[in-house]
**Q** 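First, the structure itself, so that you have it in front of you.
Every number for a ligand or one of its atoms is a count from 1 in the order of the listing. Scope of the values below: all heavy atoms of this structure, side chains included, with no hydrogens, waters or symmetry mates. Every value quoted in this text rests on a predicted model; they were computed, and no experiment measured them.
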Amino acid sequence: MLVSAQSSPISDKAKKLHFSSIVIDTHDDTTQRLLDPHFDIAVPHTDGNIDLPRMRDGGLTAIFFSIWINGKILGPDAVKQALDQIDAVREAVRKHPNDLILATTADDIREAKKQHKIAALMGVEGGHMMGNDLAVLRTFAALGVRYMTLTHMQNNEWADSSTATPEHNGLTDFGKDVVREMNRLGMMVDVSHVSDKTFYDVLDVSKAPVIASHSSCRALCDTPRNMTDDMIRDLAKHGGVIQINYHVGFLSQQFRDYEKAHPEAEKEINDEVKKRCGTDEICSGVAGDQVVRDFMKEGKLPKVDWTLIIDHIDHAVKIAGADHVGLGSDFDGAVMPLGMEDATHLPQITDALLKKGYSESDIRKILGENTLRVMSEVQRVSRDLNK
Ligand SMILES: [Zn+2]
């Protein structure tokens with residue numbers, strides 16, 4: 001097990017609790033690596049954050065593989081590339097039947113835990129991939145996709161993103177139909193990435209609880225990708241869960257301010273990634289994570305420690321209660337803080353929450369039970385709507 005200089009030993013109590021709990025990560029971008037024919041998820045890697053041995057070391061029960069393409073790719077190309085990624089996840093499960101189970105329900109995840117396997121789930125990150133076609137959305141659901149993030153960084157034709165200039169004042173009428181159809185299909189609506197107005201439109205329309213699969217708290221780090229205290233409270237009132245994102249630029253105000261004040265830093269990071277990866281896109285996808293941490297250690301960027309993840313969890317719990325917080329790392333798609341270099345470090349979260357005085361039952365909820373509850377509730381609503 002890789003242990004960073006920052007992490008203290010994990011208590012036996014924490015280990016016991018962590019490895020007996022259902023631990024769910026609702027957002028991982030490892031799918032991009034699955035597209036590389038040379039990448040084998042079953043062997044340990046020194047780069048990236050996720051592979052099967054490291055998931056086992058970190059006690060991860062279930063992972064939502066993100067189906068993601070750039071938000072500027074639209075129409076049939078977008079649909080085709082999304083289907084290729086869905087196929088890549090399903091093929092990974094087929095090739096590793098002793099390690100992975102394709103899961104679509106809360107019961108499937110509990111069953112995977114019983115069988116000492118890892119549950120593989122899928123979420124589509126960006127409504128642009130359904131090509132404005134509810135038939136494609138239904139096909140995604142039939143292939144096992146269990147959530148869709150309504151937008152990525154760009155607006156699409158029916159929903160505004162948090163990182164673009166508003167065009168639709170939230171959801172269009174068709175956007176509302178998408179949410180209704182997701183409710184009927186039993187797909188979770190994911191509000192990470194959407195604009196604040198889109199978020200409130202979703203809460204108005206959705207008959208089922210919704211998730212923010214990988215967002216953190218705006219009160220601690222002011223970026224439009226994070227949620228305000230009011231949004232977290234309203235999400236919770238609606239039965240939903242905010243799954244805390246570990247990305248350094250969403251955790252640390254100091255890092256975020258530095259990024260804003262020093263736009264040249266991004267170029268320096270990109271130059272270093274190019275030096276390490278050349279034109280290899282898949283290498284570039286994970287190398288930035290390492291480069292930023294190397295720069296932090298060299299003093300070129302503000303240091304961001306993994307314990308900020310605990311601060312965001314604790315803030316969200318204070319705002320919304322322990323029933324409405326979960327984990328959505330953004331592993332293999334973002335920059336992990338020092339001390340959370342990969343999935344092997346997850347037991348530190350359990351240890352830190354115990355040391356903060358959290359009850360074992362609240363910790364189990366945060367690790368995975370809250371997400372299971374939303375999945376079951378979304379299924380129940382789907383059954384009712386299909387009656
Ligand atoms: Zn994202």
**Q** So that I know where these two stand, are H45 and F39 an aromatic pair - ring centroids less than 6.0 Å apart?
**A** yes
**Q** The Zn ion (ligand 1) to H27: any N/O/S contact under 2.8 Å?
**A** no
**Q** Can you give the angle E125 OE2 - the Zn ion (ligand 1) - H193 NE2, rounded to 10°?
**A** 90°
**Q** Would a 4.5 Å heavy-atom cut-off, applied to side chains only, mark V124 and Q85 as touching?
**A**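 No, their side chains stay 4.5 Å or more apart.
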**Q** What N/O/S atom of H214 gets nearest to the Zn ion (ligand 1)?
**A**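 Closest N, O or S atom of H214 to the Zn ion (ligand 1): NE2.
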**Q** Go through the steps to decide whether E91 and R94 satisfy the test salt bridge (charged side-chain N to carboxylate O under 4.0 Å, His left out), and finish with yes or no.
**A** CA-CA 5 Å; E91 282 293 285; R94 185 180 67 80; 2.7 Å; yes
**Q** Which of these passes side chain to side chain contact (heavy atoms under 4.5 Å, CB included) with V189: T149, I211, V210?
**A** V210
